[in-house]
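Positions are given from 1 along the sequence. It should be emphasised that the depicted structure is a prediction, and the values quoted were computed from it without experimental measurement.
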Amino acid sequence: MQSLSLPAFQREAGLQENTLNSEGGLYVCMNTFLAFGREHVERHFRKTGQSVYMHLKRHVREKVRGASGGALPKRRNSKIFLDLDTDDDLNSDDYEYEDEAKLVIFPDHYEIALPNIEELPALVTIACDAVLSSKSPYRKQDPDTWENELPVSKYANNLTQLDNGVRIPPSGWKCARCDLRENLWLNLTDGSILCGKWFFDSSGGNGHALEHYRDMGYPLAVKLGTITPDGADVYSFQEEEPVLDPHLAKHLAHFGIDMLHMHGTENGLRDNDIKPRVSEWEVIQESGTKLKPMYGPGYTGLKNLGNSCYLSSVMQAIFSIPEFQRAYVGNLPRIFDYSPLDPTQDFNTQMTKLGHGLLSGQYSKPPVKSELIEQVMKEEQKPHQNGISPRMFKAFVSKSHPEFSSNRQQDAQEFFLHLVNLVERNRIGSENPSDVFRFLVEERIQCCQTRKVRYTERVDYLMQLPVAMEAATNKDELIAYELTRREAEANRRPLPELVRAKIPFSACLQAFSEPDNVDDFWSSALQAKSAGVKTSRFASFPEYLVVQIKKFTFGLDWVPKKFDVSIDMPDLLDINHLRARGLQPGEEELPDISPPIVIPDDSKDRLMNQLIDPSDIDESSVMQLAEMGFPLEACRKAVYFTGNMGAEVAFNWIIVHMEEPDFAEPLTMPGYGGAASAGASIFGATGLDNQPPEEIVAIITSMGFQRNQAVQALRATSNNLERALDWIFSHPEFEEDSDFVIEMENNANANIISEAKPEGPRVKDGSGMYELFAFISHMGTSTMSGHYVCHIKKEGRWVIYNDHKVCASERPPKDLGYMYFYRRIPS
């Protein structure tokens, strides 16, 4: 049959978190191929007049038991014809699935069952077949792979097993290369026990099992904790997929493991084998503790799409804030009614959809009594929590972003700033929920030689606290642990239990408030370079204070590393003493003179040539930086703005700029992108034809400044956002001059001119007293790997959000967090 070229429909609704498995299924518009849940299909019909929809529903039924009381598990089901990402129950022995499709004609809801070749025109039938056979736009692999049985490994029959005397105990396992005690894999050739990598089934690791395969070439490994008399999880590194090992019992017996006496556990620990929880993977996820699942509004989890836990943790924290709840979920009818015809491409619609899914409780319902009884009869220990999929939301917010659009792990702090930027640019009228995070920072720079000072202000959205390692209160224990660890490594003995540095929070706060040296400080009083120091204070306190612990740094070899520390973060935080005071009596200001721009003659031409054509960026330098763990786009900008002078010079650029909000944003040329505008950005030249980029203007106006003020500031600073904000703060007396107004009137956007006196950015200043209500924790050695979870205090108790699992927290690890969310205490 001839098929039409039709776009694949989304496997979830555009206005709610419904899927084909949801009650009511999905309604696919046969004109736009957008999907809607039952609650919103009428809204779409009234808005567009489109009357023909395909109704798709997947029915779940319990399998009919045979005489023996059981049913054979089947991977293939001829009644399933939709390309849908399925859950784990699809391959279970207890349920079977059947897909149903029919056309529905609105407004009378006239239904036509499919397939129906006799009653439908040929063109309609072809269109229906094309929709039903379309591939999921999100599926990364062959959609038919799930239907096949696990293959038998080609290495199973003739697997070589070393006669090295290794015997595996029945419990208490530990990775041979790190302290991890979960997600452990036994290599079936040499008996090595090593950790796996992070998967989206909530098991974590550092990838040592894979490293061992690459070093030795031993192909098969079995996951410890999954071994039962019925089998186990076996993975083939050489074939890069899960496999079957028909001789698994024999291969395990070689290392002293009797399958008939093994029972699967989550971490291999028996009740009488309890050890202190030391690894951050165990402590942060509260492993070994029986956690009670939570259900209802505000207790909905988010499925892990593969390294999407950074997004899930940030969004759970964001939608626990009332201002975001009101801005999006509170305005749901208005946002949905005025959403564009394609709601999948609208930020506010997708934020509202996700917020409604998390807060409504529709997707977090406790099992009914009959299901609980059935779980007890089957000895199931964990009630199943599905959560909702943020697939459509992630696809939109990460669109055109080289890092967030990938499947790699990302920095939750960088995503938080990226999200704030999107909220700023897509504000709903005058309402901007990100105002609750915004605050002003006063920076005081002092020339050490003349003692003169300069005060400037900048906008920020989070407070970055350094880790004061020198203030550790258990230095003797740390020294002893390090000596023992080195001795154990040298003698190939088991490593000692980890000793974590204990850092007082007061020391980190003190380090934040202390003066920093300013590199290459140019004193306008001396008209020359001099020593300078900078101190930062709060010119305003935000409604919600986000604190990031700067756990990630770089060693002398440029290799990123993480401080595995414990900081006694307070539940109540008082930072009123960090309030800015401005110019003090007796202080003398530095003259407002810009430093001269000096560029060495031997590099000036080369620098200009690099700026003319960004496609000539030295990719080898870019990759050197990227291998250190920096975002790819940040590496490209570093090499570009340092004129291809090498990785070392570019690294220095990264260190200076890595805390900027747009650090990982793609490289964009200021102005209209020609050589003249690129050169102007570097050498300070400006021109009337250099119209500032509209997205930068929007960022500044979203902070409360007037449009004409934003354009004037950007033109005066060669479209540099940071310098433009400094220019605005240093020109409070700004007034529209006639030449500027005339020029603006010739612009396409000249209809937005305000004669009001310019105001500062919108901030919600108040007391500096805060209470902790949420924190995000990171496990792993780098922000580019590992796993994130979020703890939120709701209704007087702490709740852990670990991807799709939402449970009451028993021991919230407040000392191991990465990002902390505080709310202001009303004075």
Side-chain angles (χ1 to χ4, degrees), residues 17 297-305 308-332 335 346-360 363-364 387-394 396-398 401 404 410-428 431-439 460-463 542-548 661 702 764 770-778 788-794 798-804 806 817-824:
E17 298 292 346
Y299 298 107
T300 303
L302 287 166
K303 295 179 181 178
N304 197 316
L305 308 176
S308 64
C309 50
Y310 68 92
L311 178 147
S312 300
S313 297
V314 170
M315 298 314 300
Q316 292 285 9
I318 286 293
F319 276 112
S320 68
I321 297 174
E323 283 78 0
F324 279 85
Q325 296 174 2
R326 289 194 298 267
Y328 295 104
V329 183
N331 286 323
L332 183 148
I335 292 175
D346 180 65
F347 175 76
N348 292 323
T349 302
Q350 291 306 307
M351 279 286 285
T352 304
K353 170 191 169 185
L354 182 67
H356 177 263
L358 294 177
L359 301 175
S360 66
Y363 310 97
S364 178
I388 59 177
S389 171
R391 202 181 294 271
M392 186 179 291
F393 178 79
K394 182 179 184 296
F396 178 79
V397 299
S398 62
H401 194 289
F404 298 135
Q410 303 298 330
D411 189 343
Q413 176 255 355
E414 289 183 6
F415 179 76
F416 169 76
L417 293 177
H418 176 69
L419 181 74
V420 168
N421 185 27
L422 290 174
V423 173
E424 297 272 9
R425 293 164 59 180
N426 296 274
R427 59 179 178 174
I428 308 170
E431 190 171 10
N432 187 353
S434 65
D435 287 349
V436 299
F437 298 126
R438 189 185 302 113
F439 60 92
D460 213 333
Y461 293 89
L462 56 81
M463 178 186 189
E543 186 77 16
Y544 289 84
L545 177 66
V546 182
V547 179
Q548 177 203 10
S702 69
K764 298 188 175 183
Y770 294 92
E771 63 176 341
L772 181 68
F773 73 93
F775 62 94
I776 295 173
S777 306
H778 173 266
Y788 289 94
V789 301
C790 180
H791 285 75
I792 303 176
K793 194 172 186 179
K794 292 189 174 182
W798 285 97
V799 179
I800 179 173
Y801 293 80
N802 189 354
D803 290 333
H804 63 280
V806 182
Y818 175 51
M819 295 177 65
Y820 294 85
F821 293 77
Y822 286 86
R823 68 165 62 92
R824 179 156 48 218

Side-chain polar contacts of residues 771-778 - donor-acceptor pairs under 3.5 angstrom, sequence neighbours left out - could you list them?
from : atom 1 : to   : atom 2 : distance (Å)
H778 : ND1    : K562 : NZ     : 3.0
H778 : NE2    : S782 : O      : 3.0
H778 : NE2    : S785 : O      : 2.9

All N/O donor-acceptor pairs, side-chain side in residues 414-423, below 3.5 Å, sequence neighbours left out:
from : atom 1 : to   : atom 2 : distance (Å)
H418 : ND1    : E665 : OE2    : 3.3
H418 : NE2    : V397 : O      : 2.8

Given I388 and T300, is the side chain to side chain contact (heavy atoms under 4.5 Å, CB included) satisfied, shown in steps? CA-CA 7 Å; I388 59 177; T300 303; 4.0 Å; yes
Does M463 form a side chain to side chain contact (heavy atoms under 4.5 Å, CB included) with Q548? I'd like the steps, not just the answer. CA-CA 6 Å; M463 178 186 189; Q548 177 203 10; over 6 Å; no
Determine, stepwise, if the pair L311 / F393 fulfils side chain to side chain contact (heavy atoms under 4.5 Å, CB included). CA-CA 10 Å; L311 178 147; F393 178 79; 4.2 Å; yes
CA sep, side-chain torsions, deciding dist, call: I792, Y801, side chain to side chain contact (heavy atoms under 4.5 Å, CB included): CA-CA 8 Å; I792 303 176; Y801 293 80; 3.8 Å; yes
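Remark: K764 engages no residue in a side-chain hydrogen bond (donor to acceptor under 3.5 Å, both in side chains) (not counting sequence neighbours). Partners of N348 according to the side chain to side chain contact (heavy atoms under 4.5 Å, CB included) rule, which considers only residues two or more places apart in sequence or in another chain, are Y328, I335, D346, N426, I428. Listed by chain and residue number, E543 satisfy the side-chain hydrogen bond (donor to acceptor under 3.5 Å, both in side chains) test with R824 (two or more places apart in sequence, or in another chain). The ring-ring contact (aromatic ring centres under 6.0 Å, His included) test applied to F319 returns no partner, not counting sequence neighbours. Here P322 pairs with R326, Y544 under the side chain to side chain contact (heavy atoms under 4.5 Å, CB included) rule; sequence neighbours left out. For S434, the side-chain hydrogen bond (donor to acceptor under 3.5 Å, both in side chains) partners are E424, N432, not counting sequence neighbours. Residues meeting the ring-ring contact (aromatic ring centres under 6.0 Å, His included) test with Y818, sequence neighbours left out: F552. Partners of F439 according to the ring-ring contact (aromatic ring centres under 6.0 Å, His included) rule, which considers only residues two or more places apart in sequence or in another chain, are F538.
Once rounded to the nearest 0.5 Å, the distance linking CD of Q410 with OH of Y788 reads 8.5 Å. We find the CZ-CG distance between R427 and D435 to be 8.5 Å, quoted to the nearest 0.5 Å. Atom-to-atom distance recorded for T352:OG1 and L354:CG is 9.5 Å, nearest 0.5 angstrom. The NE2 atom of H791 lies 8.5 Å from the CH2 atom of W798; values are rounded to the nearest 0.5 Å. For the atom pair OG (S308) and CE (M315), the distance works out to 12.5 Å, reported to the nearest 0.5 Å. The structure places CD of Q325 at 10.0 Å from CG of L358, a figure rounded to the nearest 0.5 Å.
Counting only heavy atoms from C-beta outward, the side chains of L305 and S389 approach each other to under 4.5 Å. No side-chain heavy atom of V436 sits less than 4.5 Å from a side-chain heavy atom of Y461. For the pair L462 and Q413, the minimum side-chain heavy-atom distance is below 4.5 Å. Between P433 and F324 the shortest side-chain heavy-atom distance falls below 4.5 Å.
K394 places a side-chain N or O within donor-acceptor distance of the main-chain N or O of F404, the cut-off being under 3.5 Å. Without hydrogens or angle criteria, Y299 side chain to V806 main chain gives no donor-acceptor distance under 3.5 Å.
Annotation: side chain to side chain donor-acceptor pair (under 3.5 Å) contacts involving residues 310-319, sequence neighbours excluded, are absent.
Counting all heavy atoms, side chain and backbone alike, S360 lies closest to P297 at O-CG, 3.8 Å.
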